[in-house]
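Scroll down for the structure; my scribbles are underneath it.
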Amino acid sequence: MGSVGVLALQGDVREHLATLTALGVEAVRVRTPDELESVDALVLPGGESTAIAHLLVTAGLRDPVGARLAAGMPVLGTCAGLILLARDVLDGRADQWGFGALEVAVRRNGYGRQIASFEAPLTLADGSSVPGVFIRAPRILECGPGVEVLATYAHGGGSDAVLVRQGPVWGASFHPELTADTTVHRLFVGSL
Ligand code: GLN
(Lines give C-alpha, C1' and ligand atoms only; values in the text may rest on other atoms or scores of the structure.)
Protein backbone atom coordinates (compact mmCIF):
# COMPACT_ATOMS: atom_id res chain seq x y z
CA MET A 1 0.00 0.00 0.00
CA GLY A 2 1.22 3.50 -0.81
CA SER A 3 0.19 6.72 0.85
CA VAL A 4 -3.23 7.91 1.91
CA GLY A 5 -4.04 11.58 1.34
CA VAL A 6 -6.33 13.66 3.50
CA LEU A 7 -8.04 16.49 1.64
CA ALA A 8 -6.75 19.46 3.62
CA LEU A 9 -8.88 22.42 2.60
CA GLN A 10 -11.20 22.67 5.63
CA GLY A 11 -12.43 20.47 8.45
CA ASP A 12 -10.92 17.89 10.79
CA VAL A 13 -7.82 17.15 8.75
CA ARG A 14 -5.35 16.73 11.63
CA GLU A 15 -7.45 14.10 13.35
CA HIS A 16 -7.58 11.93 10.22
CA LEU A 17 -3.83 12.32 9.69
CA ALA A 18 -3.19 11.36 13.31
CA THR A 19 -5.41 8.26 13.16
CA LEU A 20 -3.86 7.05 9.91
CA THR A 21 -0.35 7.71 11.21
CA ALA A 22 -1.16 5.79 14.41
CA LEU A 23 -2.05 2.83 12.19
CA GLY A 24 1.37 3.00 10.55
CA VAL A 25 0.05 4.45 7.30
CA GLU A 26 1.92 7.13 5.37
CA ALA A 27 -0.64 9.94 5.55
CA VAL A 28 -0.20 13.23 3.71
CA ARG A 29 -2.14 16.44 3.27
CA VAL A 30 -3.69 17.04 -0.16
CA ARG A 31 -4.13 20.69 -1.08
CA THR A 32 -3.10 20.74 -4.75
CA PRO A 33 -3.51 18.62 -7.88
CA ASP A 34 0.19 17.66 -7.60
CA GLU A 35 -0.30 16.42 -4.05
CA LEU A 36 -3.37 14.47 -5.19
CA GLU A 37 -1.32 12.72 -7.86
CA SER A 38 1.11 11.40 -5.27
CA VAL A 39 -1.47 9.53 -3.18
CA ASP A 40 -3.08 6.12 -3.68
CA ALA A 41 -6.24 6.76 -1.66
CA LEU A 42 -8.00 9.80 -0.24
CA VAL A 43 -9.95 10.78 2.86
CA LEU A 44 -12.55 13.55 2.62
CA PRO A 45 -12.89 14.88 6.17
CA GLY A 46 -15.83 16.24 8.08
CA GLY A 47 -16.33 19.97 8.18
CA GLU A 48 -18.74 21.98 6.10
CA SER A 49 -19.61 20.42 2.76
CA THR A 50 -20.45 23.69 1.00
CA ALA A 51 -17.16 25.27 2.16
CA ILE A 52 -15.12 22.23 1.11
CA ALA A 53 -16.93 22.12 -2.25
CA HIS A 54 -16.13 25.80 -2.83
CA LEU A 55 -12.47 25.32 -1.86
CA LEU A 56 -12.18 22.26 -4.13
CA VAL A 57 -13.07 24.53 -7.05
CA THR A 58 -10.71 27.36 -6.09
CA ALA A 59 -7.85 24.89 -5.46
CA GLY A 60 -8.36 23.42 -8.93
CA LEU A 61 -9.10 20.04 -7.34
CA ARG A 62 -12.71 19.43 -8.33
CA ASP A 63 -11.99 17.87 -11.73
CA PRO A 64 -8.79 16.02 -10.69
CA VAL A 65 -10.54 14.44 -7.69
CA GLY A 66 -13.54 13.56 -9.88
CA ALA A 67 -11.21 11.95 -12.42
CA ARG A 68 -9.40 9.92 -9.75
CA LEU A 69 -12.75 8.74 -8.35
CA ALA A 70 -13.90 7.73 -11.82
CA ALA A 71 -10.63 5.79 -12.18
CA GLY A 72 -11.39 3.84 -9.00
CA MET A 73 -9.24 5.57 -6.37
CA PRO A 74 -10.29 4.35 -2.91
CA VAL A 75 -11.91 7.11 -0.87
CA LEU A 76 -13.35 7.47 2.63
CA GLY A 77 -15.70 10.40 3.21
CA THR A 78 -16.75 11.23 6.76
CA CYS A 79 -19.73 13.46 7.53
CA ALA A 80 -19.28 16.43 5.16
CA GLY A 81 -17.05 14.09 3.11
CA LEU A 82 -19.96 11.65 2.79
CA ILE A 83 -22.16 14.51 1.55
CA LEU A 84 -19.56 15.31 -1.11
CA LEU A 85 -19.60 11.70 -2.31
CA ALA A 86 -23.38 11.10 -2.21
CA ARG A 87 -25.43 10.78 -5.37
CA ASP A 88 -28.41 12.64 -3.87
CA VAL A 89 -28.26 15.39 -1.26
CA LEU A 90 -31.48 16.59 0.35
CA ASP A 91 -31.57 19.96 2.05
CA GLY A 92 -28.39 20.99 0.29
CA ARG A 93 -27.82 24.53 -0.88
CA ALA A 94 -29.41 25.23 -4.25
CA ASP A 95 -25.96 25.43 -5.87
CA GLN A 96 -24.48 22.52 -3.93
CA TRP A 97 -22.56 20.10 -6.12
CA GLY A 98 -20.99 16.76 -5.29
CA PHE A 99 -19.05 13.94 -6.90
CA GLY A 100 -22.04 11.55 -7.04
CA ALA A 101 -19.67 8.62 -6.50
CA LEU A 102 -21.72 6.77 -3.89
CA GLU A 103 -25.26 5.55 -4.57
CA VAL A 104 -26.85 6.92 -1.43
CA ALA A 105 -29.35 9.65 -0.66
CA VAL A 106 -28.44 11.75 2.38
CA ARG A 107 -30.18 14.56 4.18
CA ARG A 108 -27.86 17.30 5.40
CA ASN A 109 -28.22 17.90 9.14
CA GLY A 110 -30.59 14.94 9.05
CA TYR A 111 -30.41 14.39 12.82
CA GLY A 112 -31.09 18.05 13.57
CA ARG A 113 -28.73 21.02 13.75
CA GLN A 114 -25.83 21.74 16.14
CA ILE A 115 -27.91 21.18 19.24
CA ALA A 116 -28.67 17.65 18.03
CA SER A 117 -25.03 16.58 17.91
CA PHE A 118 -24.66 13.40 19.92
CA GLU A 119 -22.65 10.27 20.66
CA ALA A 120 -24.06 6.77 20.38
CA PRO A 121 -22.75 3.23 20.01
CA LEU A 122 -22.89 1.85 16.48
CA THR A 123 -23.10 -1.79 15.44
CA LEU A 124 -20.77 -3.29 12.89
CA ALA A 125 -21.83 -6.13 10.59
CA ASP A 126 -20.00 -8.65 12.84
CA GLY A 127 -22.02 -7.51 15.86
CA SER A 128 -19.20 -5.57 17.49
CA SER A 129 -19.65 -2.00 18.59
CA VAL A 130 -17.83 1.23 17.72
CA PRO A 131 -18.41 4.69 19.20
CA GLY A 132 -20.21 7.15 16.94
CA VAL A 133 -19.79 10.92 17.18
CA PHE A 134 -22.40 12.79 15.15
CA ILE A 135 -22.07 16.53 14.57
CA ARG A 136 -24.77 18.13 12.43
CA ALA A 137 -24.51 14.81 10.66
CA PRO A 138 -26.02 13.85 7.34
CA ARG A 139 -28.54 11.04 7.62
CA ILE A 140 -28.37 8.24 5.07
CA LEU A 141 -31.96 7.81 3.88
CA GLU A 142 -31.50 5.35 1.06
CA CYS A 143 -28.81 3.05 -0.29
CA GLY A 144 -28.60 1.82 -3.88
CA PRO A 145 -28.32 -1.91 -4.67
CA GLY A 146 -24.53 -1.79 -4.98
CA VAL A 147 -24.07 -0.32 -1.52
CA GLU A 148 -22.98 -2.50 1.38
CA VAL A 149 -23.98 -1.39 4.89
CA LEU A 150 -21.05 -1.91 7.28
CA ALA A 151 -22.45 -0.26 10.40
CA THR A 152 -25.83 0.84 11.70
CA TYR A 153 -27.20 3.11 14.40
CA ALA A 154 -30.32 1.84 16.15
CA HIS A 155 -32.70 4.47 17.44
CA GLY A 156 -36.38 5.20 17.66
CA GLY A 157 -37.30 1.60 16.91
CA GLY A 158 -35.47 1.64 13.59
CA SER A 159 -31.93 1.63 12.38
CA ASP A 160 -29.93 3.81 9.99
CA ALA A 161 -26.98 2.87 7.84
CA VAL A 162 -24.06 4.98 9.12
CA LEU A 163 -21.04 3.35 7.46
CA VAL A 164 -21.42 2.22 3.88
CA ARG A 165 -19.23 1.03 1.07
CA GLN A 166 -19.65 0.74 -2.68
CA GLY A 167 -16.48 -0.92 -3.90
CA PRO A 168 -13.63 1.53 -3.28
CA VAL A 169 -15.97 4.32 -2.15
CA TRP A 170 -16.61 4.44 1.61
CA GLY A 171 -18.82 6.86 3.51
CA ALA A 172 -19.53 7.44 7.21
CA SER A 173 -22.17 9.82 8.52
CA PHE A 174 -20.27 10.08 11.81
CA HIS A 175 -16.71 11.07 12.75
CA PRO A 176 -14.47 8.02 13.34
CA GLU A 177 -11.49 10.41 13.47
CA LEU A 178 -12.80 12.08 16.63
CA THR A 179 -12.59 9.03 18.91
CA ALA A 180 -9.67 6.85 20.02
CA ASP A 181 -11.27 3.88 18.26
CA THR A 182 -9.43 3.22 14.99
CA THR A 183 -11.72 0.46 13.67
CA VAL A 184 -13.18 2.37 10.70
CA HIS A 185 -9.81 3.62 9.47
CA ARG A 186 -8.38 0.13 9.99
CA LEU A 187 -11.15 -1.41 7.87
CA PHE A 188 -10.65 1.17 5.12
CA VAL A 189 -6.86 0.86 5.11
CA GLY A 190 -7.20 -2.94 5.22
CA SER A 191 -9.20 -2.81 1.98
CA LEU A 192 -6.41 -1.02 0.08
N1 GLN B 1 -23.63 19.63 8.32
C2 GLN B 1 -22.33 19.68 7.70
C3 GLN B 1 -22.46 19.88 6.20
O4 GLN B 1 -23.51 19.95 5.67
C5 GLN B 1 -21.53 18.43 7.98
C6 GLN B 1 -21.14 18.39 9.42
C7 GLN B 1 -19.85 17.71 9.69
O8 GLN B 1 -19.07 17.35 8.81
N9 GLN B 1 -19.59 17.59 10.96
O10 GLN B 1 -21.46 19.97 5.55
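These figures come from a predicted structure and were not determined experimentally. Every number for a ligand or one of its atoms is a count from 1 in the order of the listing.
- At the top of the distance list for atom 4 (O) of ligand 1, counting protein heavy atoms only, stands Arg108 NE, 2.6 Å.
- For ligand 1, none of its N or O atoms has an N or O atom of Ile83 under 3.5 Å away.
- The distance criterion of under 3.5 Å between nitrogen or oxygen atoms is met by Ser49 with respect to ligand 1.
- The aromatic rings of Phe134 and Phe174 are tilted relative to each other, their planes meeting at an angle between 30° and 60°.
- Note: Trp97 and Phe99 have perpendicular aromatic rings, judged against thresholds of 30 and 60 degrees for the angle between ring planes.
- Among Gly110, Gly92, Ala137, Gly47, the residue whose heavy atom sits closest to atom 6 (C) of ligand 1 is Gly47.
- The residue from Thr123, Ile140, Leu150 that alone fulfils the side-chain contact (heavy atoms from CB on, under 4.5 Å) condition with Leu163 is Leu150.
- Of the possible polar contacts, none joining the Thr78 side chain to the Ala172 backbone as a donor-acceptor pair under 3.5 Å is found.
- Remark: side-chain polar atoms of Asp40 are paired, donor with acceptor, to backbone N or O of Ser3 under 3.5 angstrom.
- Nearest non-hydrogen protein atom to atom 7 (C) of ligand 1 is Cys79 SG, 2.8 Å.
- Residue Gly46 has no nitrogen or oxygen atom sitting less than 3.5 Å from a nitrogen or oxygen atom of ligand 1, judged on distance alone.
- In this structure, His16 and His185 have tilted ring planes: the angle between them lies in the 30° to 60° band.
- Using a 4.0 Å cut-off between heavy atoms, Thr78 makes no contact with ligand 1 at all.
- Close contacts of ligand 1 with Asn109, meaning ligand atoms under 4.0 Å from a residue heavy atom, involve 1 (N).
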